Number of protein chains: 2
Amino acid sequence: MADVARAAGVSSATVSYVLSGKRPVAPETRAAVEEAIAELSFTVNVTARSLRTGRSSLVALIVPDIVNPFYAQLAATLQEELRERGLHVVVCNTRARRDEEQTLLAEAVQQRFAGVIITPFRLKPRDFAPIVDAGIPVVVSADVSFGPMDLVTPDARAATRRALEQVAAAQRRRIAMIAGPRDATGGDPRLEHLRALALQLGMALPHDMVVRGEHTREAGAAGFAELMSRRHRPDALFCGNDVIAVGAMEKAHELGFDIPGDVALIGHDDASFASLVRPRLTTIRYPAAEVARAAAQLLTERLDGRKVHKTVRVKAEFVARASV
Amino acid sequence: MADVARAAGVSSATVSYVLSGKRPVAPETRAAVEEAIAELSFTVNVTARSLRTGRSSLVALIVPDIVNPFYAQLAATLQEELRERGLHVVVCNTRARRDEEQTLLAEAVQQRFAGVIITPFRLKPRDFAPIVDAGIPVVVSADVSFGPMDLVTPDARAATRRALEQVAAAQRRRIAMIAGPRDATGGDPRLEHLRALALQLGMALPHDMVVRGEHTREAGAAGFAELMSRRHRPDALFCGNDVIAVGAMEKAHELGFDIPGDVALIGHDDASFASLVRPRLTTIRYPAAEVARAAAQLLTERLDGRKVHKTVRVKAEFVARASV
DNA sequence: GTGAAAGCGCTAACAG
DNA sequence: CTGTTAGCGCTTTCAC
C-alpha cells in the first residue's frame, strides 16, 4: 500500500480511503490511485486489516455431519450468500461429538472469527457463554433455543400434522419412531413434537415404540430391526432424519418387510437421496438452502450492529412419496 | 500477551518462546508463564501471528460441487487431517464454473492462504501461474496434471479393466458413455481412459456412443434418453460420475427400461448414495477419504519446505453391485 | 537464559 | 479533500 501511495503520489491513508470509500476522495486523486493499484496489481493484505480492525472475515459453520447432504447443502448456500458480503466459511465437522463441538467453539473464540453458525448436537446452553461473552455473533440452527442468540428453527407443525393425517387415513394406528440419542441436547425435540401432535389427533406414541440411536444408517437399521421384532409391530415409522430412514429401509429390504405394505416410513429433512431410494422416501422437508439464507441474513444483521437477538422460523413441508 | 508477561514478571518475548518452544526457557520461568496464561485464560491472536509471520492457517478446498457426497467426504476428512496440524479448511464451491474457479483462486492469493487443494473443472493450466508465483502451495486432485504442482490422481486402470471384463462376460458389446462436458479441462480423461482400455480388450467406444453434459442428475437423465433413442442401443453404459449415473437410472425407470436387463450401468466414485439406489449401482470407487489424506500429506510436506512437486496415485476399485 | 525493540500492513483518529 | 501518525499483537533479531 505504501508502494501504491508512492506511485500515485499520495499518502497511504488516501489509498486506504479509495479502497474503503469511507471518506470522499477527489476524482483525479482516485483515478491516480486506481491506476497505481492496477499497475502494481496490488491487493490489500486481509490479515493486516483484520489485525487493525479486530474483525476477521471468517465465519465458522459447525455441524454434526458435513457428509449428510442436508448439511452439505447448508454449507454450499451459506458460502454463496456470505461470499457476496466478503465473508468466508470455515467448515467444521463435529461428528456429533460433544468434545469436538466444545473444541471448535473455543477455537472460534481463539481465532477471533467474525461469526459462528452452528447446529449443536450435544452442547448445552451454558457451553455458549464464552463465545457470547467474547462478543462473537452466533446463529444457532436448531429445533430449540440455546439461549440469548439468533435462532433459525423449523416450523414443522403443519407438515407433521399432514404426515400424521396421511398415516391415519391409511388406517395406520401403531406409530413408532427412531429418534436421536438420549443424550442429544433436548432429547430430540422432533420426538416430543410428534408425540404431542399425535395426541392431538387421537393417536399415541408410547414410550416402548421409541428407539434411539445416532443419526446414522447403522442406527436406523438397528432401530428398525428392534421395533419390528416387537410383539406388536408398528405400522408407521417416523425417523429423526433421512439418514436414519434409509438405514431402516435397507434393513427392511434385508428382513423382507415391504414398505409401505408392512410399515410406512417417514423421514425428516428431504436429504437429496430421499428421492433416489426405492420406494421413494416420504419425508418432512426442511429446506437447507432457505435455512442457510436465513442464517446468513441474521448473521450479517448482527455484524451490522443489531443488538437484540431474533428468531426466524422456516416452514417445513410434507413431501408425500411412495413410502407411506 | 503483554498482560501475561506482566503477570509472570517476564518479557513478552519469553511468553512467545514458551508458546512456540523455539528457544529454551528455564523451567521455573516456563511454569510462571504457564500459570499466568491459565490465570488470564490467554490465547494467542492468530491474526497478529499471521501478519507477523506472513503465513495464515487457512487452506482453501476448491471443488465443483460440495453437495456431491464425494466432495463432502473429501472435505470432512481433509478438515480432520489438517486440524491436527493447526490448519483450517475454507470450503469453496465453484458449481463447475470457470469464472468462479478463477475468482476463488485469485482470492486465495489475496487472502494469503497457507495452501490450496483443488479439483479443477474448467480451469486451464495457465490459470495456476499467479498462485504458484505467489508461492502458495497447491495440491491438485484430478485425473490429469495441471503443471508443476503436487497431484493426487486416480489409478483406475485395473478397476476399469475389471468393469469392462465383467461387461464382456455378460455378453455385452455395445458400450456407451455419458461423459462430462466438452469444455471441461482435458475433455473428460475418464472417457479417453475407458476408450483406450476397451480397445485393448477388443471392444469399441465409438464417438456416436458418447454423449456429454454437466455432472448432474439432469444431464444423466437427458444423456440416457438420448442414447436409448438411438437405432442401435447400448447394452452397457458408463457414466462420468455417480451423480450422472443415478440421473440415468431415474430416467430408465421413467422410460420403462430394466437395469441391468436392458442396459448395464456403471458409475464412478462410489458416492454414498450409490449403494442406496435400486438396483444398487455398480461403480468404480475412488476413495475420497484416502484422497483427502494424500492431499493433506502433500500439502503439509510442502509447508514443511519440500521444493519439488510430487504425484500420488490412489488406487480405484471396481465395486460390483446389481446394475451390471 | 532473558529482554528491548523493530516492524509486519493496515485503519482511523487527529490535524490541517 | 488530504496527510501524519499511532498502534493492532505478535515474532525475531540483536544485545546482554
Side-chain angles (χ1 to χ4, degrees), chain A residues 1-37 40-58 86 107-114 134-136 303 305, chain B residues 1-37 40-58 86 88 107 109-114 134-136 303 305:
Chain A
M1 194 172 253
D3 294 346
V4 174
R6 207 172 302 115
V10 298
S11 76
S12 70
T14 301
V15 178
S16 174
Y17 286 119
V18 166
L19 254 28
S20 70
K22 288 194 180 170
R23 107 181 165 181
V25 174
E28 54 268 34
T29 315
R30 150 165 283 121
V33 170
E34 278 166 354
E35 190 184 346
I37 287 177
L40 303 170
S41 64
F42 162 87
T43 64
V44 300
N45 181 321
V46 214
T47 309
R49 172 184 287 172
S50 291
L51 177 58
R52 177 58 228 240
T53 62
R55 55 169 116 264
S56 89
S57 66
L58 297 176
E107 207 163 336
V109 175
Q110 179 178 354
Q111 294 267 341
R112 275 95 177 149
F113 275 33
I136 297 180
L303 293 173
Chain B
M1 195 173 253
D3 294 345
V4 174
R6 207 171 304 117
V10 298
S11 76
S12 70
T14 301
V15 178
S16 175
Y17 285 119
V18 167
L19 254 27
S20 71
K22 288 194 181 168
R23 113 180 159 183
V25 175
E28 54 268 36
T29 316
R30 151 165 280 120
V33 169
E34 278 166 353
E35 189 184 348
I37 287 177
L40 303 171
S41 64
F42 162 87
T43 63
V44 300
N45 183 323
V46 213
T47 309
R49 172 183 288 170
S50 291
L51 176 57
R52 176 58 227 242
T53 62
R55 56 167 116 263
S56 89
S57 65
L58 298 176
H88 293 265
E107 207 162 334
V109 175
Q110 179 178 354
Q111 294 266 342
R112 275 100 177 145
F113 276 32
I136 297 179
L303 292 173

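In what follows, every chain begins at residue 1, and chains take the letters A, B, ... in the order their sequences are listed. Note that the coordinates shown come from a computational prediction; the quantities given were computed from them, not determined experimentally.
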Original post:
Over how many whole Å does the gap from B:Arg55 atom CZ to D:dT12 atom P extend?
Top reply: 9 Å

Original post:
To the side chain of A:Phe42, which of C:dG3, C:dC10, C:dG9 is closest?
Top reply: C:dC10

Original post:
Under 3.5 Å, side chain of B:Arg23 to main-chain N/O of B:Gly21, donor-acceptor pair present?
Top reply: no

Original post:
On a plain distance test, is the side chain of B:Arg23 in donor-acceptor contact with the base of C:dG3 below 3.5 Å?
Top reply: yes

**OP:** Kindly point out which of D:dT11, C:dG1, D:dT4 is positioned nearest to the side chain of B:Pro24?
**Re:** C:dG1

Original post:
Among C:dT2, D:dT2, D:dG9, which nucleotide sits nearest the side chain of A:Ala26?
Top reply: D:dT2

**OP:** Between C:dC10, D:dC1, C:dT11, spot the one nearest the side chain of A:Asn45, thanks.
**Re:** C:dC10

Original post:
In terms of side-chain heavy atoms of B:Val10, which of C:dG3, D:dG3, C:dT11 is nearest?
Top reply: C:dG3

**OP:** Would you classify B:Ala13 as touching base, sugar-phosphate or nothing, given that sugar-phosphate means primed atoms plus P, OP1 and OP2, and contacts are heavy atoms under 4.0 Å?
**Re:** base

Original post:
Toward the 5' end of DNA chain D, which comes first, A:Arg52 or A:Gly9, by nearest nucleotide?
Top reply: A:Gly9

Original post:
When we call it a touch if two heavy atoms are under 4.0 Å apart, what does B:Val46 touch: a base, just sugar-phosphate, or nothing?
Top reply: nothing

Original post:
Any side-chain heavy atom of A:Gln111 within less than 4.5 Å of one from A:Ser56?
Top reply: no

**OP:** Rounded off to whole Å, could you give me the CG-to-P distance for the B:Leu19 and D:dT12 pair?
**Re:** 12 Å

**OP:** With heavy atoms under 4.0 Å as the rule, sort B:Ser16 into base, sugar-phosphate or nothing.
**Re:** base

Subject >> d(CG, B:Leu51; C1', C:dC8) in whole Å >> reply: 4 Å

**OP:** Nearest whole angstrom, please: distance from the P of D:dC1 to the CZ of A:Arg30.
**Re:** 10 Å

